[in-house]
Peer 1: 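This is the structure I want to talk about, given as structure tokens.
Protein chains get the first letters and strands the later ones, always in sequence-line order, with residue 1 at the start of each.
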Amino acid sequence: MAVPQHITLIVDGEEHQVTAGTTGTELFADQRDVVVIRVNDELKDLDTELVEDGARVDPVAIGSPEGLNVLRHSAAHVMAQAVQQLRPDAKLGIGPYVTDGFYFDFDVEDPFTPEDLKKLEKMMLKIVNSNQQFRRRVVTGDKARAEMADEPYKLELLGLKGESAEAELDAELDGAEGASVEVGAGELTIYDNVDRKSGDVVWEDLCRGPHLPNTKIISNAYALTRSAAAYWRGDEKNKQLQRIYGTAWPTKDDLKAYQERIAEAERRDHRRIGAELDLFSFPEELGSGLPVFHPKGGIVRKAMEDYSRQRHADAGYEFVYTPHITKSRLYEVSGHLDWYRDGMFPPMHVDEVTDDDGNVVKPGQDYYLKPMNCPMHCLIFESRGRSYRELPMRMFEFGSVYRYEKSGVIHGLTRVRGMTQDDAHIFCTRDQMKQELSTTLDFVLGLLRDYGLEDFYLELSTKNPDKYVGSDEIWDEATNTLAEVAQASGLELVPDPGGAAFYGPKISVQARDAIGRTWQMSTMQLDFNTPARFELEYQSDDGSRQQPVMIHRALFGSVERFLAVLTEHYAGAFPAWLAPVQVVGIPVAEAFNDYMYDIVDKLRAAGIRAEVDISTDRFPKKIRNASKDKVPFVLIAGGEDSDAGAVSFRFRDGSQQNAVPVDDAVGRIVEAVANRER
RNA sequence: GCCUCCUUAGCUCAGUCGGUAGAGCGUCUCACUCGUAAUGAGAAGGUCACCAGUUCGAUUCUGGUAGGAGGCUCCA
């Protein structure tokens with residue numbers, strides 16, 4: 001019976017004969033960075049006994065994406081153990097890994113304080129240093145329920161698993177934001193944390209795993225970053241649990257690099273730079289999410305808009321203007337009041353006439369601030385009969401819209417209540433739509449590149465089965481057309497099921513910025529429904545009346561948001577063509593002020609935004625000020641320069657070029673602006 | 001909208017265990033006239049977000065409102 005049976009494993013690509021029951025720990029004993037193994041595409045604990053003949057076994061290093069996930073998941077367990085030491089009443093929610101870290105949700109009487117987080121970090125260090133083992137144990141449903149009797153949320157997850165078919169459950173749990181980490185497909189498992197010395201089980205959690213072999217690997221390259229509330233299973237109808245976020249890395253240097261990355265993102269925060277460079281502000285008097293642009297920010301914005309207008313004109317767009325408010329009927333026809341009433345500012349009720357007794361003699365009317373421009377563009381289309389010869393008709397507007405965003409979501413310029421969309425609607429025939437989408441995508445990407453974004457991928461948002469209008473055939477046709485255009489672009493295409501607006505599917509362009517973050521930028525939506533609702537039509541070449549197709553598209557999304565993205569992308573150091581001040585002239589001493597002014601006058605005559613710093617600051621201080629303002633070109637002139645009819649450059653990176661003849665310097669700056677050099 | 005935290009000079013922040021406040025930067029004045037990231041001295045500047053309550057007395061304690069931060073939910 002106990003005869004050792006030999007099996008063949010394909011270990012890291014090579015065949016090996018081993019005794020059945022050999023563990024990953026034994027196989028990879030000399031590879032210290034291996035923390036889990038992959039057996040036939042499935043991640044397993046390192047101490048898994050291997051019994052299947054012919055199985056593929058691959059080592060997973062701690063630094064690999066999967067290894068990092070396991071590290072962070074295990075760190076979440078250690079944190080939960082510490083939390084239950086500090087707060088024995090804490091009930092466990094879920095605790096998955098996320099990008100760069102992990103979190104764990106707890107139901108506790110009192111929320112965690114920053115002091116608690118410090119205490120918990122120390123308690124975690126104790127656990128980490130005591131080198132507990134993570135030990136996996138398969139349990140039956142009854143056994144799991146018995147052991148988790150004091151953990152109501154775990155029982156709820158077990159209940160879900162019991163009730164529904166496996167596949168369904170996994171889908172549901174995945175939807176519930178990481179819950180599948182707790183009770184995955186297949187068998188139920190509990191992980192015991194076993195004390196090294198005593199062998200006692202000090203903590204346990206219902207968990208799918210896998211985990212690190214022991215807590216020591218977590219080392220002390222972890223940190224608890226913040227606490228916040230989160231709805232249980234991601235549903236705002238449920239109770240809010242207290243969530244603690246943390247991060248964990250293979251080494252202290254990795255942790256430091258991560259923290260430096262976070263600090264860099266903070267330094268680039270457009271709200272901070274916007275204040276430092278005097279670009280915009282959010283006066284409390286106006287209300288939340290309603291920005292004003294100061295003169296410097298106004299220049300950046302105007303430069304962005306001017307270039308956009310020029311490009312749109314070149315691309316055959318026509319410019320339209322529409323009002324900010326309208327009677328309610330427009331948004332009844334468009335369907336917005338049905339779908340987005342909560343996201344719109346409440347109506348203004350006007351023109352009601354009552355008699356002396358308060359009876360309504362003449363009913364009033366509701367006016368709404370407009371949340372979208374498209375219905376108004378439809379009205380322009382239908383203002384007279386249209387011929388197929390006019391199509392495609394491309395209407396562009398910097399359209400200001402107002403949305404009643406929930407107070408908790410407003411964020412700088414990226415999520416506001418009043419914004420200006422660079423909105424266009426293209427009305428075309430069905431035959432034209434594919435070509436039109438394809439040229440629009442090229443146009444969009446080209447323009448984004450001109451603003452300095454280079455790295456893109458596409459997302460295809462498809463029908464939300466609970467939130468759409470129109471027939472399935474129309475949705476299929478629209479979706480397929482968008483998919484074909486997206487694929488033809490050669491860019492990576494990520495599906496976004498259910499992400500579409502109610503009136504049609506969309507492609508969105510996601511851009512990566514200078515520090516690798518992605519932002520949703522442009523969107524292109526194909527819409528058969530709005531033209532139908534407005535009963536738009538044109539006369540075709542055969543004399544029949546046809547309905548046009550409508551393409552919604554915005555490049556910036558909103559001018560405000562795009563300015564925020566560019567501010568963070570450039571860390572405030574805008575390319576010269578966008579910079580609020582393009583040139584600051586600094587005379588070495590007052591005696592050279594006039595010489596400097598002559599140069600700056602030449603620049604101004606060439607359309608350059610140039611200033612002379614004639615403040616009483618000393619020379620080095622002026623250099624410092626210009627640096628802090630991130631001015632692209634600093635021009636310096638003293639005796640050496642004026643004698644030679646020259647000027648000296650100081651660039652933003654601190655490098656210099658001296659004794660440049662004045663005309664050359666002017667030409668160079670004019671060229672840099674005209675070519676939108678970075 | 002929900003949870004936690006925050007709001008003190010133009011900005012960044014100290015501080016007051018309840019007796020109406022400080023620093024640095026910035027601003028202004030004076031002196032300095034200088035070659036690549038901070039010259040020195042002096043001055044002005046605050047209803048301690050707003051509104052109530054408790055108190056002899058509130059910037060401080062309590063409640064509410066507004067605004068902000070980080071999350072959650074949402075994002076046409």
Peer 1: Are side-chain heavy atoms of A/His552 and A/Tyr503 found at a separation under 4.5 Å?
Peer 2: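 They are in side-chain contact.
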Peer 1: A/Ile262 CD1 to B/G70 C1': how many Å, rounded?
Peer 2: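 For the pair A/Ile262 CD1 and B/G70 C1', the rounded distance is 13 Å.
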Peer 1: Quote, to the nearest angstrom, the C1' distance that separates B/C61 from B/G68.
Peer 2: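 Between the two C1' atoms, the distance is 23 Å.
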Peer 1: Would A/Phe104 and A/Phe106 count as a close aromatic pair, with their ring centres under 6.0 Å?
Peer 2: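 Yes: the rings meet the under 6.0 Å criterion.
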Peer 1: Taking for each residue the nucleotide of RNA chain B bearing the nearest heavy atom, is the 5' side occupied by A/Arg415 or by A/Ser627?
Peer 2: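 Counting from the 5' end, the first nearest nucleotide belongs to A/Ser627.
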Peer 1: Tell me yes or no: between the side chains of A/Lys621 and A/Ser615, is some donor less than 3.5 Å from an acceptor?
Peer 2: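 No, A/Ser615 and A/Lys621 have no side-chain donor paired with an acceptor closer than 3.5 Å.
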Peer 1: Can a side chain N or O of A/Tyr245 be found less than 4.0 Å away from OP1 or OP2 on B/C72?
Peer 2: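 Yes, within the criterion.
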Peer 1: Choose from B/A37, B/G71, B/C74 the nucleotide whose nearest atom is closest to any side-chain atom of A/Val409.
Peer 2: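 Among the listed nucleotides, the one closest to the side chain of A/Val409 is B/C74.
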Peer 1: Please list, for nucleotides 64-68 of chain B, all pairs of protein and nucleotide N/O atoms separated by less than 3.5 Å.
Peer 2:
unit_1 : atom_1 : unit_2   : atom_2 : d
B/G67  : OP1    : A/Ser288 : N      : 3.4
B/G68  : OP1    : A/Ser288 : OG     : 3.3
B/G68  : OP2    : A/Ser288 : OG     : 2.8

Peer 1: Do the side-chain N and O atoms of A/Ser281 and A/His294 include a donor-acceptor pair separated by under 3.5 angstrom?
Peer 2: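 Distance-only check passes for A/Ser281 and A/His294.
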Peer 1: How many Å lie between CD on A/Gln242 and C1' on B/C72, as a whole number?
Peer 2: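 It works out to 11 Å between those atoms.
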Peer 1: Tell me: CE of A/Met376 to C1' of B/A76, nearest whole Å?
Peer 2: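 Interatomic distance, CE of A/Met376 to C1' of B/A76: 15 Å.
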Peer 1: Who pairs with A/Asp653 by side chain to side chain contact (heavy atoms under 4.5 Å, CB included), at least two apart in sequence or on another chain?
Peer 2: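 Here the qualifying residues are A/Phe651, A/Ser655.
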Peer 1: Is the terminal nitrogen or CZ of A/Arg668 (NZ for Lys, CZ for Arg) located under 6.0 angstrom from the six-membered ring centre of A/Phe649 and within 45° of that ring's axis?
Peer 2: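 Geometry flag: set, cation within 6.0 Å and 45°.
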Peer 1: Does A/Arg243 count as lying over the ring of A/Tyr103, i.e. NZ or CZ under 6.0 Å from the six-ring centre, within 45 degrees of the axis?
Peer 2: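 That pair qualifies as a cation-pi contact.
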Peer 1: B/G71 phosphate, OP1 or OP2: any side-chain N/O from A/Arg226 under 4.0 angstrom?
Peer 2: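 So the side chain of A/Arg226 is within the cut-off, an N or O lying under 4.0 Å from OP1 or OP2 of B/G71.
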Peer 1: What is the separation between atom CZ on A/Phe106 and atom C1' on B/C3, rounded to the nearest whole Å?
Peer 2: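 Atom CZ in A/Phe106 sits about 16 Å away from atom C1' in B/C3.
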Peer 1: Between B/U4, B/G71, B/G26, which nucleotide gets closest to the side-chain atoms of A/Pro111?
Peer 2: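 Selected nucleotide (nearest to the side chain): B/U4.
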Peer 1: Look at the side chain of A/Lys406 against the base of B/U73 and say whether a donor-acceptor pair falls under 3.5 Å; ignore hydrogens and angles.
Peer 2: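 Present.
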Peer 1: How does protein reach along nucleotides 5-13 of chain B, written 5' to 3' as B (base within reach of a heavy atom under 4.0 Å), S (only sugar-phosphate), or - (no contact)?
Peer 2: ---------
Peer 1: With a 4.0 Å limit, can you tell me whether A/Lys621 has a side-chain N or O closer than that to the phosphate oxygens OP1/OP2 of B/G26?
Peer 2: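 So the side chain of A/Lys621 is within the cut-off, an N or O lying under 4.0 Å from OP1 or OP2 of B/G26.
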Peer 1: Mind checking the C1' distance from B/U20 to B/G46? Whole angstroms is fine.
Peer 2: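 It works out to 11 Å between them.
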Peer 1: In whole Å, measure the gap between the C1' atoms of B/U12 and B/U8 for me.
Peer 2: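 To the nearest whole Å, 12 Å.
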Peer 1: Would you check if the side chain of A/His270 reaches a backbone N or O of A/Gly412 as a donor-acceptor pair within less than 3.5 Å?
Peer 2: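 Side chain of A/His270 to backbone of A/Gly412: no pair is present.
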Peer 1: Given the side-chain rings of A/Tyr222 and A/Phe102, with only the six-membered ring counted for Trp, is the space between their centroids under 6.0 Å?
Peer 2: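 No: the rings miss the under 6.0 Å criterion.
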Peer 1: For nucleotides B/U4 and B/C56, find the distance between their C1' atoms and express it as a whole number of Å.
Peer 2: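 Rounded to whole Å, the distance is 36 Å.
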Peer 1: I'd like the P distance from B/C6 over to B/A14, given in whole Å.
Peer 2: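 Result for the P pair: 12 Å, nearest Å.
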Peer 1: With a 6.0 Å cut-off on ring centres, are A/Tyr331 and A/Tyr368 close enough?
Peer 2: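 Centroid separation for A/Tyr331 and A/Tyr368: 6.0 Å or greater.
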Peer 1: How would you label the contact of A/Pro371 with the nucleic acid (heavy atoms, under 4.0 Å): base, sugar-phosphate, or nothing?
Peer 2: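 Base contact.
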Peer 1: Between A/Glu156 and A/Trp232, is there a side-chain donor-acceptor contact under 3.5 Å, judged purely by atom types and distance?
Peer 2: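 Yes, A/Glu156 and A/Trp232 have a side-chain donor paired with an acceptor closer than 3.5 Å.
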Peer 1: Any base atoms under 4.0 Å from A/Lys467, or only sugar-phosphate, or nothing? Heavy atoms, all strands.
Peer 2: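 The answer is sugar-phosphate, as A/Lys467 gets under 4.0 Å only of primed atoms, P, OP1 or OP2.
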Peer 1: Take atom CG of A/Asp613 and atom P of B/A37, then tell me their distance rounded to the nearest Å.
Peer 2: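 Nearest whole value for this atom pair: 14 Å.
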Peer 1: Have a look at A/Ala501 and say if it touches a base, only the backbone sugar-phosphate, or nothing, with a 4.0 Å heavy-atom cut-off.
Peer 2: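 If one applies the 4.0 Å heavy-atom cut-off, A/Ala501 turns out to touch the sugar-phosphate alone, with no base involved.
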Peer 1: Is the charged tip of A/Arg417 near the ring of A/Tyr404: under 6.0 Å from the six-membered ring centre and within 45° of its axis?
Peer 2: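 Yes, a cation-pi geometry.
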Peer 1: Using the C1' atom as the reference point in each nucleotide, state the distance between B/G67 and B/G35 in Å, no decimals.
Peer 2: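 B/G67 and B/G35 have their C1' atoms separated by 47 Å.
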Peer 1: Over how many whole Å does the gap from A/Ile623 atom CD1 to B/A38 atom P extend?
Peer 2: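 Atom-to-atom, A/Ile623 to B/A38, this comes out as 10 Å.
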Peer 1: Using a 3.5 Å limit on both pairing distances, list the dot-bracket string of RNA chain B from the 5' end; Watson-Crick and G-U wobble pairs count, crossing pairs take [ ], interstrand pairs take |.
Peer 2: (((((((..((((.....[..)))).(((((.......))))).....(((((..]....))))))))))))....
Peer 1: To the nearest 0.5 angstrom, please state how far the CD atom of A/Glu405 sits from the CD1 atom of A/Ile410.
Peer 2: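 Nearest 0.5 Å value for the CD-CD1 distance: 7.0 Å.
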Peer 1: Can you tell me if CD on A/Glu260 sees more than 12 non-hydrogen neighbours from other groups inside 6.0 Å?
Peer 2: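 Yes, because the 6.0 Å sphere around CD of A/Glu260 holds more than 12 heavy atoms from other groups.
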Peer 1: I need a per-nucleotide contact map over nucleotides 30-35 of chain B, read 5' to 3'. Cutoff is protein heavy atoms under 4.0 Å; write B for the base, S for backbone only, - otherwise.
Peer 2: --BBBB
Peer 1: Have a look at A/His552 and say if it touches a base, only the backbone sugar-phosphate, or nothing, with a 4.0 Å heavy-atom cut-off.
Peer 2: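 No contact at all - A/His552 keeps every heavy atom at 4.0 Å or more from the nucleic acid.
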Peer 1: Only counting residues at least two apart or in another chain, list the ones meeting side chain to side chain contact (heavy atoms under 4.5 Å, CB included) with A/Val600.
Peer 2: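 Only A/Arg604, A/Ala610, A/Val612 meet the side chain to side chain contact (heavy atoms under 4.5 Å, CB included) criterion with A/Val600.
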Peer 1: Take the angle between the ring planes of A/His377 and A/His425 and call it parallel below 30°, perpendicular above 60°, tilted in between.
Peer 2: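 It falls in the perpendicular class, over 60°.
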Peer 1: Going by modelled atom types, is there a donor-acceptor pair between the base of B/C72 and the side chain of A/Glu236 at under 3.5 Å?
Peer 2: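 Counting by modelled atom types and ignoring angles, no donor-acceptor contact under 3.5 Å is found here.
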Peer 1: Given atom CD of A/Gln240 and atom C1' of B/C3, what is their separation to the nearest angstrom?
Peer 2: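 These atoms are roughly 4 Å apart.
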Peer 1: Any donor-acceptor pair under 3.5 Å joining the side chain of A/Tyr231 to the base of B/G1?
Peer 2: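 In this structure, the two groups form a donor-acceptor pair.
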Peer 1: Using the P atom as the point on both nucleotides, what is the distance between B/G15 and B/C28, in whole Å?
Peer 2: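 One P to the other, the span is 31 Å.
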Peer 1: For the side chain of A/His411, counting heavy atoms from C-beta on, which of B/G70, B/C74, B/G71 is nearest?
Peer 2: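 Nearest to the side-chain atoms of A/His411, counting from C-beta on, is B/G70.
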Peer 1: So do the side chains of A/Leu635 and A/Ile669 get within less than 4.5 Å of each other, counting heavy atoms only?
Peer 2: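 Of all side-chain heavy-atom pairs linking A/Ile669 with A/Leu635, at least one is under 4.5 Å.
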Peer 1: Check the distance between B/C75's C1' and A/Asn464's CG and give it to me in whole angstrom.
Peer 2: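 One finds 13 Å between C1' of B/C75 and CG of A/Asn464, rounded.
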Peer 1: Return the 5'-most residue of the pair A/Phe649, A/Gly499 with respect to RNA chain B, ranking by each residue's nearest nucleotide.
Peer 2: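 In this pair, the answer is A/Phe649.
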Peer 1: When the P atoms of B/A44 and B/C5 are considered, how many whole Å apart are they?
Peer 2: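 Here B/A44 and B/C5 have their P atoms 40 Å from each other.
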